[in-house]
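From a predicted model like this one, the values you see are computed outputs, not experimental measurements. One is the number of the first residue; the rest follow in order along the sequence.
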Amino acid sequence: MTIRLYDTSARQIRDFTPLRQGCVSIYLCGATVQAAPHIGHIRSGLNFDIMRRWFEYRGLEVTFIRNVTDIDDKIIAKSAEQGRPWWAIGYENERAFSDGYRALGCLPPTYEPRATGHITEMVEMMRGLIERGHAYEADGNVYFAVTSFPDYLQLSNQELDNLLQPSGDGETGKRDPRDFAMWKAAKPGEPSWETPWGRGRPGWHLECSAMAHKYLGTAFDIHGGGLDLIFPHHENEIAQAKAYGDEFARYWVHNAWVTMSGEKMSKSLGNSVLVSEMVKRWRPIVLRYYLGTPHYRSMIEYSEEALREAESAFARIEGFVQRVVEKAGGVVEPAAEVPPAFAEAMDDDLGVPQALAVVHTAVRQGNSALAADDKEEAVARLAEVRAMLGVLGLDPLDPHWAGDDGRGDDLHGVVDTLVRMVLDQREAARARKDWATADAIRDQLNQSGLVIEDSPQGPRWSLGPR
């Protein structure tokens, strides 16, 4: 068994060999909590959740760190704009991100550190970099001198002579315009912390370098995030960490974006789709299917039509699961192992689309077994399907998804009771051979978006495709 991953730094798919046998360490750049998450934000967490689940299926112990950036230029700007404390905005949106991850079935990280809880570690890293000649203080700011680190820009493959380094207000005293800020001098009314170089606040890049060092040590296996973080964020993380003396990440894995009209989904572009609103309109498990089943390095172009297609595709899987459970007269446990073709696809750079094709093949085979009244074969296929869906976080029988038939709300029990009352009326009409009334009830339920299926165990209902 060899898992292979596309390493951005190597620009190729590489065999994955962990630093410590039987263990995997992952650092994922998490939320900057200036606003509530849209589905593009959550995609990254979901992609790395699938990676984590696959490592764990393969018997590896995973340490998964996903940080929270709770102090940042954008958060401070929101605070000024809304007239609210920066920490209140950060905490509110941190909760919204946690709710979004949880709603879409992401496992909680091993640790989820906040940047503001690690100022001591950041000061220590800056002190070491200044002592080694890689950083300097100017006007209360602390900058990293990019020319002091020969390997700078190897991740993003840029030329230093052509570099345009993003800069913020107040970044004065730079020796070279390409240098980047690790620490920003305090401004009136802004949050600040005491350091040997005066009061100020951390720069974004320093936060992650310090937290990765704190929780994963001088070297770890995988650093992840969205494609947009390659430069400047990840490039600057590497410079700080390696100049400090860390080996840092051995593999760099980046997920693609969710786009709208060909542009990256972004609040600044006004084209975002908030998770909190989406889960009211779509079942969370359907959203997970939609966001998690394309390959993590493929762009997802958002559209209502694509979501409807995802809903229909998952409904076929879920319908098969429900039918076999009814046929078996109880829950069918997942198989101990996934089919070899599924494992081969997942080992090859987390090939979820190819793995999903194996799921749908097993569903078709299982449906054929049901049609032939071959209970044993149908149960065997369901056991395989549950094992595969469990790896993808999409098993509808998992307790996490209990009651998820209500498109994101908790009204399933109420709706089920009301629908059962109407179905009882339909059954009574059928019993007295009043076919016109029975058909009228069924048609009315169909018009309401429900699909009614008559089975040997009696009628059952489900939400139909949109």
Modelled atom types, side-chain donor and acceptor of [X] and [Y], under 3.5 Å:
| X | Y | result |
| --- | --- | --- |
| Asn367 | Arg323 | yes |
| Asp70 | Thr116 | yes |
| Glu237 | Ser209 | no |

Inset, instruction - Identify, with sequence neighbours excluded, every residue that meets salt bridge (Lys or Arg N to Asp or Glu O under 4.0 Å) alongside Glu92. - result: Arg84
[X] side chain to [Y] main-chain N or O, any donor-acceptor pair under 3.5 Å?
| X | Y | value |
| --- | --- | --- |
| Thr2 | Asp15 | no |
| Thr218 | Glu247 | no |
| His360 | Val363 | no |
| Arg52 | Val62 | no |

May I ask you to decide whether [X] forms a salt bridge with [Y], counting only side-chain N to carboxylate O separations under 4.0 Å?
| X | Y | result |
| --- | --- | --- |
| Arg53 | Glu56 | no |
| Glu427 | Arg430 | yes |
| Lys74 | Asp72 | no |
| Arg201 | Asp73 | yes |

Would you call [X] and [Y] a side-chain contact if the rule is heavy atoms closer than 4.5 Å?
| X | Y | answer |
| --- | --- | --- |
| Trp54 | Val338 | yes |
| Arg364 | Thr361 | yes |
| Arg386 | Leu382 | yes |
| Glu235 | Leu153 | yes |

Legend entry - Rounded distance [0.5 Å steps], OG1 in Thr63 versus CD1 in Ile222: 11.5 Å
Legend entry - Spacing of Ile119 atom CD1 and Ile71 atom CD1 [to the nearest 0.5 Å]: 8.5 Å
Inset, instruction - Sequence neighbours left out, what pairs pass ring pair (Phe, Tyr, Trp, His ring centres under 6.0 Å) with at least one residue falling in residues 293-338? - result: Tyr289-Phe314
Legend entry - For the student: nearest non-hydrogen atoms of Thr69 and Asn67, plus distance: OG1-ND2, 3.3 Å
side-chain hydrogen bond (donor to acceptor under 3.5 Å, both in side chains) against [X], all qualifying residues, sequence neighbours excluded:
| X | result |
| --- | --- |
| Trp257 | Asp228 |
| Arg102 | Asp99 |
| Ser98 | none |

Inset, instruction - Would you indicate whether Glu376, at its atom CD, is surrounded by more than 12 heavy atoms from other residues, nucleotides or ligands within a distance under 6.0 Å? - result: no
Inset, instruction - Could you label the plane-to-plane angle of the His38 and His41 rings as parallel, tilted or perpendicular, counting under 30° as parallel and over 60° as perpendicular? - result: parallel
Inset, instruction - Identify the residue among Tyr27, Tyr6, Phe16 that makes a ring pair (Phe, Tyr, Trp, His ring centres under 6.0 Å) with Tyr251. - result: Phe16
Legend entry - Chi angles and distances behind the salt bridge (Lys or Arg N to Asp or Glu O under 4.0 Å) call for Glu384, Arg381: CA-CA 5 Å; Glu384 288 182 348; Arg381 296 291 76 73; 3.1 Å; yes
Legend entry - Positive for side chain to side chain contact (heavy atoms under 4.5 Å, CB included) with His254, one of Arg297, His223, His234: His234
Legend entry - Test of ring centre spacing under 6.0 Å for Phe64 and Tyr111: no
Inset, instruction - For residues 27-45, pull every pair meeting salt bridge (Lys or Arg N to Asp or Glu O under 4.0 Å), keeping only residues two or more places apart or in separate chains. - result: none
